[in-house]
*Asks:* 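Take a look at the following structure, please.
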Amino acid sequence: RPKQEEFSEELLLKPLPDHKLLAHFHFQSSAPPSTSNGCHHHLFPKAISQLVQKFRIKEMELSFTQGHWNYESWGGFDPISSSNAKSPGVELWAVFDVPQHHIDASWKNLTHTLSGLFCASINFLESTATYSTPEWSFPPASGNVRYGTLPCEAVCTENLTPWLKLLPCRDKAGIALLLDRPSLYRGFYHSQQLHLTSTGSSSEGIDSGIILEQTLTVVLQPNSEMAIEVHASEKHIQPSWSLSSIFGKQVSGICVLAKSSSVYLLLDRGLVAELKFPNKENGKSAANGLTSENFWSNPSFELSANPDRIFLEESSSHSKSLSILYMFQVEKYSESEPFDIGLMWKVPVAWLCQQTPLHASRFLMGSGNQRAAIAISLKSTQFTEGFMSANSKDGSCELRVAVFQVVPWYDKVYFHSLRVFVDQQPRAVSDIIEKIHVLPSKDKMSPGVMEVVLKLPCRVNTAALTIEFDKGFLRIDEYTSDANQGFDIPSAIISFPNFHASMVFLEDDSLNKSPEKCPVMSYTEVLLVPLTTPDFSMPYNVITITCTVFALYFGSLLNVLQRRVAEKERFLKAKAAKKTGRLPLLLSKLSAKLRGRRLEPLHSPPSSSSFINSKLVLKVILEAGLAVGWQYFSS
């Protein structure tokens, strides 16, 4: 019997130490090889299938992220933070199953296709100056991988709507019904991802199946007035919450096309260790109290619904305490009885999430618009202290750290200026760096790439890398519309090759489905580098003054050329005749008779006409002189 297309949906809820809540949506669609159903699909999105077949994609990941993941408060050693904590903006990497000389063309076509599919500026990654080719530091690195980022890309509902259209039921049924736009974008962190995996090789003529994983990770602030009223005097009380209070909706049933629909509530290892239980001696007894039949009556918290299953994490070598996972099946709920899980805290609880071996941060050094330096700082965490004490008995323990850094071409990096500091003391580069790969940048052609593996001692407290660079000059047409804001340097990726984040849960002393191990990774901050920027107001001022002068000149010239002097003289004569009365005319006649002369007509109009003619000639000469002078000085 041929394999059928499948779709499943999951939601993971996890309380965070800083009074926030992590909501992680996971939708998975799988399509069998094309020989099973041909080109027709029942559940799998046709656009993604055509994308994989046309560009021969072996693996691809696209993420839209808003906000920065707080590694100190939200952790970094669990699978969710290692796989779903991304740098702000757009990140895209892809592995192609094509010959080397066709990779760049496939990447260019892929960026244009994704740009139209998700209503984003991904097509800006088509230029060779915006993407790089990692060698070995990037996890899926191989000879056919391409990696690019757009740190300044804004994320909005225009990107979320096409992402939801890839789901069989969209956001009309199932767990996706909770994806309320205002609730999602009010959060502190928002990251939507699309991960593609092809299970075959088209270059060898083997039909490939496709696995599409869509994840949405949101960090929200619960709004619970009940917790404030009951525990107003407590400072560390965790806010109570429910699905309806966070998303404004309830789950009224599953998507009819989904094979499974589940909601999970995860209690972290640190939280389990801090919960209050009678006769609690260690993390194991606390976990037993949480997984017992009367877990909902414990003095720490209360659940609004009974879970269908309870999973206990397998013993971990990195932590003494164990995580607890509560599972809720959505199939048994309907519109008459919607699903609305809630958690109410009874006592204040404070704990810490498990962090990465070293906390990484990045900043700029130097001043001025000529030269600066990039510094990457690594600081030990509680996890590092426990790991070092367990593995440094013989004094030969080493901690390996991989750094992947991409710098735009307009920042001229001097790789020979690389310096390493361990515990605030300078060390020889050859003693700390195990291997390094450097690709210098080319003007308007390719960015600078640095891949480094550090070999640090186990008991290290701090470590730092510094590298100098020159700030380049751009052409006026290469500046962005907000050039005065600065130019972005993408986040550096810090990974730990010796560590993998995974959670294995047990149910009734039997092994539950184990997720694949993912490498422990973290992203640094995006740097904003101010470059020498011209005064864009000067061209505007010059254009404005020039246009004003020419408007005055040509306006006056046309007015002079088109004016009818004869008609104006007749008008002035008539006006003068009207102003002249009968008494002055009689006196003039009398005076002429007494003198024996003939009465002459009034000569005021001719005099005024000659005055007007001389005035017009003078104005024309003056304007012509101004025009000649302006042309001379401007040339």
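Side chains are part of it too, since the values below use all heavy atoms of this structure and drop only hydrogens, waters and symmetry mates.
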*Asks:* Do Gln28 and Ile211 make a side-chain contact, defined as non-hydrogen atoms from C-beta onward lying under 4.5 Å apart?
*Replies:* yes

*Asks:* Would you indicate whether the side-chain heavy atoms of Thr149 and Val526 approach each other to under 4.5 Å?
*Replies:*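 No - every pair of side-chain heavy atoms lies 4.5 Å or more apart.
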
*Asks:* For the residue pair Pro45 and Leu212, what are the closest heavy atoms and their distance?
*Replies:*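 The answer is CG-CD2, 3.7 Å.
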
*Asks:* Under 3.5 Å, is there a donor on one side chain and an acceptor on the other for Ser261 and Glu9?
*Replies:* yes

*Asks:* Are Phe421 and Thr466 side-chain neighbours, meaning at least one heavy-atom pair lies under 4.5 Å?
*Replies:*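 The answer is yes, as the side chains (C-beta and beyond) meet within the 4.5 Å cut-off.
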
*Asks:* Between Glu398 (side chain) and Lys455 (backbone), is there a donor-acceptor pair under 3.5 Å?
*Replies:*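 No; judged by distance alone, with no hydrogens or angles, the pair does not exist.
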
*Asks:* Taking Gln193's backbone N and O only, do any of them form a donor-acceptor pair with Trp163's side chain (distance below 3.5 Å, no angle check)?
*Replies:* yes

*Asks:* Between the side chain of Ser377 and the main-chain N/O of Ser361, is any donor-acceptor distance below 3.5 Å?
*Replies:* no

*Asks:* For the backbone of Arg269 and the side chain of Glu313, can you confirm whether one donor and one acceptor N or O come within less than 3.5 Å of each other?
*Replies:*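 The answer is no, because no donor-acceptor pair under 3.5 Å joins these two groups.
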
*Asks:* Crowded around Glu331 CD? As in, over 12 foreign heavy atoms under 6.0 Å?
*Replies:* yes

*Asks:* Measuring from atom NZ of Lys346 to atom CD of Gln238, what distance do you get when rounded to the nearest 0.5 angstrom?
*Replies:* 16.0 Å

*Asks:* Which pair of heavy atoms, one from Val406 and one from Ile489, lies closest together, and at what distance?
*Replies:* O-CG2, 3.9 Å

*Asks:* Roughly how far, to the nearest 0.5 Å, is the OG atom of Ser30 from the CD1 atom of Ile210?
*Replies:*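 One finds 10.5 Å between CD1 of Ile210 and OG of Ser30.
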
*Asks:* Of the non-hydrogen atoms in Asp171 and Leu177, which two are nearest, and what is the gap between them?
*Replies:*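 Heavy atoms of Asp171 and Leu177 come nearest at O-CD1, 3.6 Å.
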
*Asks:* Hey, which of Leu265, Leu325, Ile324 is the one that makes side-chain contact (heavy atoms from CB on, under 4.5 Å) with Ile310?
*Replies:* Ile324

*Asks:* Ignoring hydrogens and angles, tell me if any N or O in the side chain of Asn159 forms a donor-acceptor pair with the backbone of Cys119 under 3.5 Å.
*Replies:*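 Indeed, once roles are kept as given, a pair shorter than 3.5 Å links the two residues.
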
*Asks:* Within a 6.0 Å radius of atom NZ on Lys259, are there more than 12 heavy atoms belonging to other residues, nucleotides or ligands?
*Replies:*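 Result for NZ/Lys259: open.
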
*Asks:* Give a yes or no answer on whether the side chain of Glu451 reaches the backbone of Trp136 with a donor-acceptor pair at less than 3.5 Å.
*Replies:*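 Pair found, side chain donor or acceptor close to backbone of Trp136.
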
*Asks:* Could you tell me the separation between the OG atom of Ser191 and the CG atom of Asn84, rounded to the nearest 0.5 Å?
*Replies:* 6.5 Å

*Asks:* Could you check Val420 against Leu465 for side chain to side chain contact (heavy atoms under 4.5 Å, CB included), going step by step and ending with a plain yes or no?
*Replies:* CA-CA 5 Å; Val420 182; Leu465 294 175; 3.5 Å; yes

*Asks:* Short question: side chain of Thr161, backbone of Thr157 - any donor-acceptor pair under 3.5 Å?
*Replies:*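 Such a contact is found between Thr161 side chain and Thr157 backbone.
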
*Asks:* Under 3.5 Å, is there a donor-acceptor pair linking the side chains of Thr215 and His26?
*Replies:*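 Note: Thr215 and His26 side chains miss the donor-acceptor criterion.
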
*Asks:* Among all residues two or more places apart in sequence or in another chain, which pass the ring pair (Phe, Tyr, Trp, His ring centres under 6.0 Å) test with Phe328?
*Replies:*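 Partners of Phe328 by the ring pair (Phe, Tyr, Trp, His ring centres under 6.0 Å) criterion, ordered by chain and then number, come out as Phe339.
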
*Asks:* Find out whether Leu343 and Leu13 are in side-chain contact, i.e. whether some heavy atom of one side chain is under 4.5 Å from a heavy atom of the other.
*Replies:* no

*Asks:* Check the angle between the aromatic planes of Phe27 and Phe7 and answer parallel, tilted or perpendicular using the 30° and 60° thresholds.
*Replies:* parallel

*Asks:* For Glu525, is there any backbone N or O sitting under 3.5 Å from a side-chain donor or acceptor partner on Arg362?
*Replies:* yes

*Asks:* For Leu178 versus Phe247, what's the shortest heavy-atom pair and its separation?
*Replies:*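 In this case the closest contact between Leu178 and Phe247 is O-CD2, 3.3 Å.
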
*Asks:* Would you say the side-chain atoms of Asp488 pair up with the backbone N or O of Pro151, donor to acceptor, closer than 3.5 Å?
*Replies:*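 No.
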
*Asks:* Can you pull the side-chain hydrogen bond (donor to acceptor under 3.5 Å, both in side chains) pairs that have at least one residue in residues 66-82, sequence neighbours excluded?
*Replies:*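 side-chain hydrogen bond (donor to acceptor under 3.5 Å, both in side chains) check on residues 66-82 returns Asp18-Trp74, Asn70-Ser73, Glu72-His359, Asp78-Ser81.
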
*Asks:* Holding to ring pair (Phe, Tyr, Trp, His ring centres under 6.0 Å), I want the full list of residues that pass it with Phe188, two or more places apart in sequence or in another chain.
*Replies:*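 By the ring pair (Phe, Tyr, Trp, His ring centres under 6.0 Å) rule, Phe188 matches no residue at all.
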
*Asks:* So that I can tick it off, tell me whether Asp423 and Arg459 are bridged by a salt bridge, with the cut-off set at under 4.0 angstrom between side-chain N and carboxylate O.
*Replies:* no

*Asks:* Hey, what do you get for OG (Ser8) to CD (Glu213), rounding to the nearest 0.5 Å?
*Replies:*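 Going from OG on Ser8 over to CD on Glu213, the span is 9.0 Å.
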
*Asks:* Taking all atoms of both residues into account, what is the closest heavy-atom pair of Ile175 and Ser262, and its distance?
*Replies:*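 Closest approach of Ile175 to Ser262, heavy atoms only: CD1-O, 3.3 Å.
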
*Asks:* Between Ser244 and Asp340, does any side-chain donor sit less than 3.5 Å from a side-chain acceptor?
*Replies:*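 Note: Ser244 and Asp340 side chains meet the donor-acceptor criterion.
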
*Asks:* For residues Glu274 and Ala350, report the shortest heavy-atom separation together with the two atoms involved.
*Replies:* CG-O, 3.4 Å

*Asks:* Is the shortest side-chain heavy-atom distance between Ile494 and Leu358 below 4.5 Å?
*Replies:*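 The answer is no; the side chains never approach within 4.5 Å.
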
*Asks:* Does any donor atom in the side chain of Tyr523 or Glu91 lie under 3.5 Å from an acceptor atom in the other side chain?
*Replies:* yes

*Asks:* Heavy-atom distance under 4.5 Å between the side chains of Leu378 and Leu454, does that happen here?
*Replies:*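 Counting from C-beta outward, Leu378 and Leu454 do come under 4.5 Å.
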
*Asks:* For the pair Glu59 and His195, evaluate side chain to side chain contact (heavy atoms under 4.5 Å, CB included) and give the outcome as yes or no after the intermediate values.
*Replies:* CA-CA 8 Å; Glu59 190 175 3; His195 186 90; 3.2 Å; yes

*Asks:* For a 4.5 angstrom cut-off between non-hydrogen side-chain atoms, does Phe301 reach Leu267?
*Replies:* yes

*Asks:* Assess whether side chain to side chain contact (heavy atoms under 4.5 Å, CB included) is satisfied between Val452 and Met450, documenting all intermediate values.
*Replies:* CA-CA 6 Å; Val452 180; Met450 182 182 69; 3.6 Å; yes

*Asks:* What's the spacing between Ser29 OG and Leu43 CG if we round to 0.5 Å?
*Replies:*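 Atom-to-atom, Ser29:OG and Leu43:CG are 7.0 Å apart.
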
*Asks:* Report the C-alpha distance between Val349 and Leu275 in whole Å, list the side-chain angles of each, state the deciding distance to 0.1 Å, and finish with yes or no for side chain to side chain contact (heavy atoms under 4.5 Å, CB included).
*Replies:* CA-CA 7 Å; Val349 181; Leu275 291 178; 4.2 Å; yes

*Asks:* Would you say Met521 and Phe404 make side-chain contact, with heavy atoms under 4.5 Å?
*Replies:* no

*Asks:* Nearest 0.5 Å please: distance from the CG atom of Leu164 over to the NZ atom of Lys172.
*Replies:* 9.5 Å

